[in-house]
Amino acid sequence: MKSNVFLFVTVLLLLAFDTVAETGEKLWLRYATLDDSRKTEFVSTIETLVMNESGPVMMAAADEVQRACEGLIGTRLPKVSDLTKNALILVTSKSPLINKLNLADDVKDLGRESYIIKTIQVKGRHYMVVAGSSEAGVLYGTFELLRMIQTGASLKDVNVVEAPKYQLRVLNHWDNLDGTVERGYAGYSIWWNRTEPFDQLKRKYIDYARANASVGINGAVLNNVNANPQVLTDGYIRQFARIADVLRPYNIKVYMSINFSSPVILGGLQTSDPLNEKVIEWWKMKVAEIYKIIPDFGGFLVKANSEGQPGPQDFGRTHADGANMLARVLKPYEGVVMWRAFVYAAGHDDRAGQAYSEFVPLDSAFDDNVIIQVKNGPIDFQPREPFSPMFGAMQNASVMLEFQITQEYLGFSTHLAYLSTMWKETLDADTYAKGTGSTVAKATDGTLFNHTLSAIAGVSNIGRDVNWTGHHFAQANWYAFGRLSWNHQLSSDQIAREWVIQTFTEDPDFVDPVVEVMMRSREAVVNYMTPLGLHHLMGWNHHHGPEPWCTVEGARPDWLPSYYHRASEDGIGFDRSSTGSNSVNQYFSPVKDLYNNVSTCPENLLLWFHHLPWDYRMHNGQTLWNELVYKYYDGVGEVRYFQKEWDRLEGYVDHQRFSDVQYKLKLQTREAIWWRDACVLYFQTFSKRPIPAELERPIYDLEELKEIKFEMTNHN
Ligand code: BDP
């Protein structure tokens, strides 16, 4: 009888434990308790914490160790200053401890943010040493060690040496001063229009900073690239300073997006011409004002002469004139200008070729503290694009990559789409600018063209939602962006694995299938939205659902409704080959030849570069029409598979996050079908060919689909 009661109570307890809700607020920094054998290894290897320096970044590193230990082993480490016990030692190369530990040689060549993690034995004691030439290096090393511990690395014989691939690893927040977020799907801005007392916000900002530091992100642009000039007024500059003070101990600098017309709008000048003396004086005064209260301010991000934003061309000046003027003003403070190359305007017959036409002739004209920020593809963050031909073509100017972490074109925060695989596709692409191996990664990290400035940016997906990103799996994209910005050589699989283990559980029965789902997720989105190189089929305004038919009043008539897909009775696709717009010519050989030739063009980019008849034969013998339809159906099939996999994994994860994800996958399936049916049925009006008989019939009809109105408010 007694044993039955015991069993009953145990089962109840287990159930209660199992359903403990997790909100996702802790991100990947949950520090779940280690299993017994690893706990034993930990406590026998690390008994104390030695950190004898007092800088704020060192304090942040030590604080993180203690937070982690509370979770991992259930208690903080005694903080001591001597080496009488096995210890974790956090130390910079300036400390006398380095010589005592005989590590001078190990640290002498470390760059500013680099670190070593090394186990050493001195007089029978074990020391786990995290050392950097600066405090920042120690901070990053500390987070790496904590990641290793959580992901099951042995603590014996550790010998890690790490240096970041990019110097500036920056989040771009498209946050408006009124608190809305452009293309943000996780609630309002964490920075602007807040009513809570700053002390309360500070806790959240520290968590934000910890998460960034844990993956190596060292900069944040706090306001939208479509910049409100008011950001340069005293109150906002002070708010930047307040935030900068909170982020500084985590080695994060703040940057600001500016509006090129600010001298007129705020300063009351007659012009914002970058060559005008008064304009230059005005910027000097503003920049001095900023640096007075933010001495380590990072610099400006500028969207100029793009989508209606003002810029130097309004005064007959070039991008270089505009960028250099600001760069010279920032130079004495070591600030930089990140000048965006996202430009497209009327008068060009192929939008994909415009950035190149405007910027490549200016390649030699930019100052050395200007860096040109280029989106990964030549159009606009589509689910799949070829890499932008700007990479490799700009050789004198430093060029940085801009990825979009927020899923503007990949299902917002409703769809599970792990973007690391997409980003790796760009990073690993070979531009051939200097022969084989001239990858986009090398063309941007400074190594290919010997640049002294290197950077990478990601448009943030963070908002006020409790779990930060709306979809629990969207956290993985924030994580992956940071990891790749630190080391673009990491594999997407490894990054996914690390993230899943830290975020959910290390149980391989959960980790393996979930990583598999993540690895397949972006291709699934491509397939149900824009397969075979199609692009820009979404609704013109909201960018969420399909509208391959969309027309918009006032938009360039030759761009709509079929500008991007060019579907007609004779076929589909945008001819960018030598028989068409010839934008393919902006690539180096052999890339351009490969893309230009329809039989060698990768099929996943076929309709990006070629306009082909519906009966064109694909490599597998299918007609283009059938292949297109199969791809749309494959995309839906994949999401159904993700749903099944997730359902199977109930019980491995807390109920709250399990059901949140389950619900989103349900929506994703519904929306994948929406995309599939809309595109297949619409293109069928041109192809006039049947949907292969073995496939299920569309669920919607076309007229019905055209009536679906998408409510943005559902997603914010
Ligand atoms: C587009 C977005 C728009 C941004 C623009 C940009 O739809 O909201 O302002 O990119 O990058 O994709 O500036």
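Whatever order the structure lists them in is the order used to number ligands and atoms, beginning at 1.
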Handout entry: Arg522/Glu425 ion pair, N-O < 4.0 Å
Key = yes

Exercise for the section: Output all residues satisfying salt bridge (charged side-chain N to carboxylate O under 4.0 Å, His left out) with Arg328, sequence neighbours left out; order by chain, then residue number. Expected result: Asp367

Exercise for the section: Run through His542, His415, His543, His544 and flag the one making a ring-ring contact (aromatic ring centres under 6.0 Å, His included) with Tyr409. Expected result: His543

Exercise for the section: Using a strict 4.0 Å threshold on nitrogen-to-oxygen distance, state whether Lys375 and Glu385 make a salt bridge. Expected result: no

Would you tabulate the polar-atom pairs, meaning N/O of ligand 1 against N/O of the protein, with distances under 3.5 Å, reported to 0.1 Å?
from: ligand 1; atom 1: 7 (O); to: Arg183; atom 2: NE; distance (Å): 3.1
from: ligand 1; atom 1: 7 (O); to: Arg183; atom 2: NH2; distance (Å): 3.1
from: ligand 1; atom 1: 7 (O); to: Glu408; atom 2: OE2; distance (Å): 2.4
from: ligand 1; atom 1: 8 (O); to: Glu182; atom 2: OE2; distance (Å): 2.3
from: ligand 1; atom 1: 8 (O); to: Arg183; atom 2: NE; distance (Å): 3.0
from: ligand 1; atom 1: 9 (O); to: Glu182; atom 2: OE2; distance (Å): 3.0
from: ligand 1; atom 1: 9 (O); to: Asn226; atom 2: ND2; distance (Å): 3.0
from: ligand 1; atom 1: 9 (O); to: Lys303; atom 2: NZ; distance (Å): 3.0
from: ligand 1; atom 1: 10 (O); to: Lys375; atom 2: NZ; distance (Å): 3.0
from: ligand 1; atom 1: 11 (O); to: Arg340; atom 2: NH1; distance (Å): 3.4
from: ligand 1; atom 1: 11 (O); to: Arg340; atom 2: NH2; distance (Å): 2.6
from: ligand 1; atom 1: 11 (O); to: Lys375; atom 2: NZ; distance (Å): 2.7
from: ligand 1; atom 1: 12 (O); to: Asp380; atom 2: OD1; distance (Å): 2.8
from: ligand 1; atom 1: 12 (O); to: Asp380; atom 2: OD2; distance (Å): 2.7
from: ligand 1; atom 1: 12 (O); to: Glu408; atom 2: OE1; distance (Å): 3.3
from: ligand 1; atom 1: 12 (O); to: Glu408; atom 2: OE2; distance (Å): 3.4
from: ligand 1; atom 1: 12 (O); to: Tyr409; atom 2: OH; distance (Å): 2.9
from: ligand 1; atom 1: 13 (O); to: Lys303; atom 2: NZ; distance (Å): 2.6
from: ligand 1; atom 1: 13 (O); to: Arg340; atom 2: NH1; distance (Å): 2.8

Practice task
Check side chain to side chain contact (heavy atoms under 4.5 Å, CB included) between Thr669 and all other residues, then give those that pass, not counting sequence neighbours.
Solution key: Val639, Arg640, Gln643, Ile673

Practice task
Go through the structure and list residues passing ring-ring contact (aromatic ring centres under 6.0 Å, His included) with Phe366, not counting sequence neighbours.
Solution key: none

